[in-house]
Structure formats: C-alpha cells, structure tokens
Amino acid sequence: MPDHAPIPAQLLGNMWAQEWNDIEDLVMPYPHEAAADVTQALEAGRWDAARMVHQGEHFFTTLGFEPLPATFWARSLFTRPRDREVVCHASAWDVTWSADLRVKMCIEPTLDDLVTIHHELGHDFYFQRYAALPILFQQGANDGFHEAIGDTMALSVTPEYLRSIGLGGAVKGEHARINQLMRTALDKVAFLPFGLTIDKWRWDVFAGKVSPGEYNAAWWKLKEKYQGVSAPVARSADDFDPGAKFHVASSTPYVRYFLARIYQFQFHRALCQAAGYTGPLDRCSIHDNAAAGKRLMAMLSLGASRPWPDALEAMGAGRKADAGAMLEYFAPLAQWLAERNKGQACGW
Ligand SMILES: [Zn+2]
C-alpha cells in the first residue's frame, strides 16, 4: 500500500472496486467479536423460502399494507428449480401493471437472503400502492426512489427486529454495533463515489467532452479523483475498461443507485421520526409501526404522478435530497475511525 497515493484497485476484492465488503476480514474494528449467527438460527428453526417470504410480507402488513395477492404465491419463484437453468439474480415484478406482483429469487436460509426478500418486497409493495394510477404514473417518483424503498425496509432488519421474530441471540454490545456499521459502510459508503463516476463519465462522453481516444484515461481519472483507486496495471488508449461494467455496455442509467444510497437513509430517518423513535438511527426499526406505515404509504401511493420533491415531502422527509441522515447513521463509526486514525494523514 503506497502512502498518500490511491489504493490499487485490485486490493479491494471487487472487479470494479465498487463495494468493499471483500476486505471485511482485514478492516473489521473488533475482529474477535463474533457476529450474531442468524443463518444458524434460520437453519435451526427450519425456516424455508416460503416462511422467509411470509415474514417479509408480515413486515409490511404490520405497517398497514394490504397482503400480497394469491397470484403472488402461485406465480413467484422462490427456490432454484431442479429441472432448468434460471437467472437467480433477485428481482421483483408487476407483470401486467395491474398488481400481478411477483418475485424471482433463489432463496437460501441466510441472513443475506432474508434482508434481500425485504428489499424485493419493497418493490412489490410500491407496485401495489400505485397500481390504480394511470399506467404512465406507475413508476417510482424518480429513478432513485424504487431502489431506495427496498433498502429503506432492509435498514429496519435490525438485531432487535430479528430478535422479535425469534432469530436473534443475546443482546450484543457496542463492539458488535461498530462492526455492523463497518460492514454496512463497506457496502453503502464505499459505493457512493463509484455510483457517481459511472454517469459522470458517460455524460462527458455523450456531451462530446471526451474523445474516443481519451475514453479509458478519462475513466481512470474519475475513479482516482472520487474513489481514490488506481488501475492495477498500466492502461492505454487501446483499453476500454468502462465496457466491463454491465450498465455501460447495456446503456442502463446509473446515477439512480447513487441517489438510492442517499435517499434510503433520508427515508429511514423520516419514518423513524414518524414512528416517534428518538434513538440512534442504526438501531431503529419501523416494523409494526402504523404511524410510519401511513407516511410510507402516502409517498408510495403517488407513484410518478407528482414531482419527486412532493413525494419526498409526503413522507415527511423535506423537499431536497439530503445526505445528513446518512452521516447521522454512520456517526458512531466515523467517531471510531477518527480516533483510530488520529495522527495519520489519510487520503491521496
Ligand atoms: Zn431492487
């Protein structure tokens, strides 16, 4: 690791250095503190895929949502089929724009998959709330909202929530909490500069500010500036590293993911406030809280029928995107890092 220079991208374990969870074992604040073994509890309790989905649905119905339609249970895919290949990447669908809600996922009894099913159902319940609107309005309030809703729900899958459904052990202390914040930050904070660079690069290309001969150099310039990472080996104008990212090759917009990472903490804070919760944000779960559910449903029901600041306001989250809630969420980790890195010159 060079001093005062970008991190060589190949050290981060992810081909695009976009999320940094693969270095968890190297940077965990309290490496000897065991994480709560929810996966073991799921196995011990013989939780199967259907039970995990029912638990996810229950999370939403306790907020006041209508249950999922019978067709959801008949037409969704919850487990990997034995007789054919399917794309197992989890996704949620409204197949006919009339609340034919489904998920497609190959669920294993793990904590990750339990969190993911809460995320996917976030999409389905968004579909459910705006299914009665004209078809052009059957969308998220803006590109970032749909992904943010699912993640907002996943933020409520706290150790306390897990304990309330029989999946948590003894209450863990401050060390486990800081570890958990680090885990989340390696995913969501590390992603922010990456999420921004993709479309920044693409907009410059589309605007003609970058010529084809400079495509690759412009890519690494942005990656270095925002992510603080450098190319593993020397690159030239003959290389085209942006094309290795699915969303570039397939022309899928990307800034939605950047926005979603910011919105989800903003949504989470607004819903926690609606629930009357006053403690630290990383400990808040809105499950079983009708007041939070009411706010959430007010926002989701608008679909894309109003400008997105109106939707934000309907949830009680103000009218502007605001990263303040994200800073608040990670404040205990930021404080730990400030102490840990005291006297060191961080950055590049
Ligand atoms: Zn999603």
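Both ligands and their constituent atoms are indexed starting at 1 by order of listing. Predicted model, so just to flag it, every value in this text is computed and none were measured. Residue numbers start at 1 and run along the sequence shown.
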J.: Strictly distance-based, threshold 3.5 Å: is any side-chain N or O of S156 a donor or acceptor partner for the main-chain N or O of S285?
T.: no

J.: Taking 2.8 Å as the limit, list every protein N, O or S atom around the Zn ion (ligand 1), by chain and residue number.
T.: H119 NE2, H123 NE2, E147 OE1

J.: Can you list the residues that meet the ring pair (Phe, Tyr, Trp, His ring centres under 6.0 Å) rule with Y215, with sequence neighbours excluded?
T.: W201

J.: Please identify each residue that fulfils side chain to side chain contact (heavy atoms under 4.5 Å, CB included) with C88, with sequence neighbours left out.
T.: R80, V86, C106

J.: Under the salt bridge (charged side-chain N to carboxylate O under 4.0 Å, His left out) definition, can you give me all pairs with a residue in residues 244-255, not counting sequence neighbours?
T.: none

J.: For F267 and F145, I'd like to know if the aromatic rings sit close, meaning centre-to-centre distance below 6.0 Å.
T.: yes

J.: Using the ring of each side chain (for Trp, its six-membered ring), is H118 parallel, tilted or perpendicular to Y161, with breaks at 30° and 60°?
T.: perpendicular

